[in-house]
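What you see below is based on every heavy atom in this structure, not just the backbone, and it leaves out hydrogens, waters and symmetry mates. What you see is a predicted model, and the numbers here were worked out from it, not measured in a lab. Lettering follows sequence order; numbering is per chain, from 1.
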Number of protein chains: 2
Amino acid sequence: MRTPTMREVAALAGVSIKTVSRFVNGDETVSPAIAERVRAAIDETGYRRNDLARSLRPGQRSTTLALLVGDLTNPFYGSIANGVMGVARAHGHNVVLASSDEDPEAERRGIDDLLGQRVAGLLIVPGAMDYGYLGREVDQGTPVVFLDRPALGLDADTVLLDNHGGARKATEHLIAAGHRRIGVVVAASHHTTGRRLDGYLDAMRAAFGEVDEALVARLEHGTRAEAEQAAAELLALPPDRRPTALFTTTNFLTHGALRAMGPGQGTALVGFDDFPFADLLPTPVTVVSGDADEMGREATRLLLTRIAGQSGPPRRVELGTVLIPRGSGEQKP
Amino acid sequence: MRTPTMREVAALAGVSIKTVSRFVNGDETVSPAIAERVRAAIDETGYRRNDLARSLRPGQRSTTLALLVGDLTNPFYGSIANGVMGVARAHGHNVVLASSDEDPEAERRGIDDLLGQRVAGLLIVPGAMDYGYLGREVDQGTPVVFLDRPALGLDADTVLLDNHGGARKATEHLIAAGHRRIGVVVAASHHTTGRRLDGYLDAMRAAFGEVDEALVARLEHGTRAEAEQAAAELLALPPDRRPTALFTTTNFLTHGALRAMGPGQGTALVGFDDFPFADLLPTPVTVVSGDADEMGREATRLLLTRIAGQSGPPRRVELGTVLIPRGSGEQKP
DNA sequence: TTGTTTCAAAACAACGTTGTCTCAGCTCGC
DNA sequence: GCGAGCTGAGACAACGTTGTTTTGAAACAA
């Protein structure tokens, strides 16, 4: 059985297609007798309006927003998706999800697909590729909002965390606890973690002047395993060069570093990004954290105002971070 | 600026619409000179094929799969979504996401929306509502696959975990460690946790005969907070009635129970569902776990075979579970 | 040169819907 | 009794594509 069309319903009810359309869309100008016939025909055929055909009409835009996000297994991205979907649904929009954690070429193909489907707008957690070509789509009425990091090649609305400030806050917290030699574990390539590194460096320089490069562990990919090894190496330095505290710049890296420390967790640590069970670890973990859910919500709000037609220069929103002291960051050297 | 159409490109290039269509779709029968004119016109206008209009043509089905899933903040659902998207993308399908964690009416509205958009198939983590009305859509060519629990009112392809077997395995593991009084924390209403409770009861009965109802903590909603309180009450029972081990039936409940135990974690525990950091807790947590990612993948594979036209009776796939001993489940009474 | 073949490109119809226009029938007032 | 006014319902076109048919022109053989 195929999906029935309006034409078939109309034939069954013995009326014209347009009358079925009127009934389906709640037009008042359908007499009760005819309306009942149409209702019965719809019921019998299981007719359902085809919104694809509907949105083809002039001036119509799809109501679907597209979200390009990294690995959904990461609770950070899960929260973003959650926030996006909440606001979208509240405004009657659907959300298509695409993954951006692949190579740039696959990502570009994915975006092209979505544009071909005439989504109403794009929410993108940008990767390393150049997004300049999207400028034309923006001009043609498909707004774009970037989340978590600014995009290369396109100056559009962007929602970020205050990565620099948060990292600075984390580092100063460790300094206030009496630490001088504070190691940092950071993924080399990302903009976000770059800003976090800068925040760390600024705090360190403000307190002690020059920063010992040996304290900075730069990872290539930012995986848990890399972090574990890097942290282990930091902690294996001779006592005079060994850090007494660590600042880990993402939740994955925090996980890796904790693993390197083992159950004792003798070294002080502050992590960027909160994570579940942080409060249940042997030494509960102090973190600096932004609200990913709110990031998704705010980005969606921005996108919706653009879809509604608001023009104007790109906006950049920076969401604040909070430091949650739980124990690991308050340990003395 | 509006999105240009084929008509506009054709006008600019001085050819017919159809010729643009031929060029865009890689038809060989376009002479090089004309092809170049069309290419230039597309470039100048920023034309992009409208896949909505395209899929309106007879016999065309959208390439979009819909996924209805609960709270994406839960890593379990995040992994499912991850698996779904991986397989979908590998087969050239997009994924629309909708949330099912609301009231049944909102969920039904969401499903209706998706059907109106003529998605190629539905992947649903069912809630408490009756899905019978989807039978008609299935007949009309929109297949449905359920994940994680069977749906009320519709017998369709379903991918489940072996909840009964996993729970039994967990309970027997605790029994083997010497426990006799094993408490269980379970959400009352869900099918999934119901099966897990059955697995627990079967293991207990097989070992000891009748099960003391005082050992079974039934929660109304299955939240962390509820679990924390219920676990605290179990552990506060007088010594002769107090359980010496707990079996918690979801990761949220495990989290709550661990909180109730405090840092000591003196009571043995096995949880259903793995979770990050389980290995880093003071007493690393033994879990029974299924592969959510694989569940998403398998469900998507089933859906794709249906979309490809395979008929036949509903299939039910049960994925196995593994017990991961980490310490908490091996503690003696 | 003329008839035939070949092929690129145009014309047309259709997909399922809705906005606009038109028309038929009715009611009402004079 | 007849035109004006109204109202319910049908006809038609259009949205942006693509499959099919048709056209036109060039190429070639007789």
Side-chain angles (χ1 to χ4, degrees), chain A residues 2-39 41-42 45-63 112-113 115-120 140-142, chain B residues 2-39 41-42 45-63 112-113 115-120 140-142:
Chain A
R2 247 195 46 274
T3 304
T5 73
M6 238 181 212
R7 187 219 270 354
E8 284 157 19
V9 174
L12 184 61
V15 300
S16 80
I17 301 180
K18 183 68 225 208
T19 301
V20 178
S21 169
R22 271 190 281 263
F23 175 82
V24 168
N25 293 294
D27 194 318
E28 296 294 323
T29 68
V30 181
S31 69
I34 297 243
E36 174 50 28
R37 290 223 309 275
V38 174
R39 203 202 50 66
I42 288 180
T45 53
Y47 168 79
R48 184 184 292 283
R49 186 174 62 190
N50 185 333
D51 284 329
L52 258 58
R54 194 164 192 240
S55 68
L56 193 59
R57 313 235 60 252
Q60 296 290 352
R61 270 249 149 216
S62 141
T63 74
D112 280 351
D113 269 10
L115 289 169
Q117 292 180 47
R118 296 297 190 267
V119 293
Q140 293 182 351
T142 308
Chain B
R2 247 193 48 273
T3 305
T5 72
M6 239 180 209
R7 187 219 267 1
E8 284 157 20
V9 174
L12 184 62
V15 299
S16 81
I17 300 180
K18 183 66 225 205
T19 301
V20 178
S21 169
R22 272 190 283 262
F23 175 82
V24 168
N25 294 295
D27 194 319
E28 296 293 324
T29 67
V30 181
S31 69
I34 298 246
E36 174 51 27
R37 288 225 309 275
V38 173
R39 204 204 48 67
I42 287 179
T45 54
Y47 168 78
R48 183 183 291 285
R49 187 174 61 191
N50 185 334
D51 284 329
L52 259 57
R54 194 162 192 244
S55 67
L56 194 59
R57 313 234 59 253
Q60 295 290 353
R61 270 248 150 216
S62 143
T63 74
D112 280 353
D113 269 9
L115 289 170
Q117 291 179 47
R118 296 295 189 269
V119 294
Q140 294 182 350
T142 309

side-chain N/O T29(A) vs dT7(D) OP1/OP2, d < 4.0 Å
no
Close side-chain approach of V15(B) and F23(B), heavy atoms under 4.5 Å:
no
Within this structure, what is the CZ-to-P distance between R48(B) and dT17(D), rounded to whole angstrom?
12 Å
At under 4.0 Å between heavy atoms, what does F23(B) touch on the DNA or RNA strands: base, sugar-phosphate, or nothing?
nothing
Taken to the nearest whole Å, NZ/K18(A) to C1'/dT22(C) is 13 Å
Compare all side-chain heavy atoms of L56(A) with those of L56(B) and state whether any distance is below 4.5 angstrom.
yes
Let's see if you can work this out: which of dT17(C), dT17(D), dT20(D) has an atom nearest to the side-chain heavy atoms of R54(A)?
dT17(C)
For Q140(B) and Y47(A), indicate whether the former's side chain and the latter's backbone hold a donor-acceptor pair under 3.5 Å.
no
Does T19(B) put a side-chain nitrogen or oxygen below 4.0 Å from OP1 or OP2 of dA10(C)?
yes
Nearest-nucleotide pick for I17(A), side chain only, options being dT17(D), dC15(C), dT18(C):
dT18(C)
Which part of the nucleic acid does N25(A) contact within heavy-atom distance under 4.0 Å: base, sugar-phosphate only, or nothing?
sugar-phosphate
Please report, rounded to the nearest Å, how far the P atom of dC15(C) is from the CD atom of E8(A).
10 Å
Looking at I42(B), I17(B), T19(B), which one forms a side-chain contact (heavy atoms from CB on, under 4.5 Å) with M6(B)?
I17(B)
With heavy atoms under 4.0 Å as the rule, sort R57(A) into base, sugar-phosphate or nothing.
base
Could you please name the option among dG16(C), dT20(C), dC15(D) that lies closest to any side-chain atom of A53(A)?
dG16(C)
For the pair made of CG in D27(A) and P in dT7(D), what is the distance, rounded to whole Å?
13 Å
Nucleotide dA14(D), atom P - distance to CG of L56(A) in whole Å:
14 Å
Establish, with yes or no, whether the OP1 or OP2 oxygen of dA9(D) is under 4.0 angstrom from a side-chain nitrogen or oxygen of S31(A).
yes
Note, D51(A) side chain near R49(A) side chain (heavy atom, < 4.5 Å):
yes
Just compare dT17(C), dT18(D), dT20(C) and give me whichever is closest to any side-chain atom of M6(A).
dT17(C)
N25(B) versus S21(B): any side-chain heavy-atom pair under 4.5 Å?
yes
State whether R118(B) places a side-chain N or O below 4.0 Å from either non-bridging phosphate oxygen (OP1 or OP2) of dG16(C).
no
For L52(A), which contact category applies under a 4.0 Å heavy-atom criterion: base, sugar-phosphate, or nothing?
nothing
Tell me: CZ of R7(B) to C1' of dT18(D), nearest whole Å?
14 Å
Consider the side chain of V30(A), meaning its heavy atoms from C-beta on, and name the nucleotide among dG10(D), dA9(D), dA9(C) that approaches it most closely.
dA9(D)
What is the nucleic acid contact for R22(B), judged by heavy atoms within less than 4.0 Å: base, sugar-phosphate only, or nothing?
base
Picking from dA10(C), dT17(D), dA9(D), the nucleotide nearest the side-chain atoms of V15(B) would be dA10(C)
Please pick, from dA11(C), dC15(D), dG16(C), the nucleotide with the shortest atom-to-atom distance to any side-chain atom of T5(A).
dG16(C)
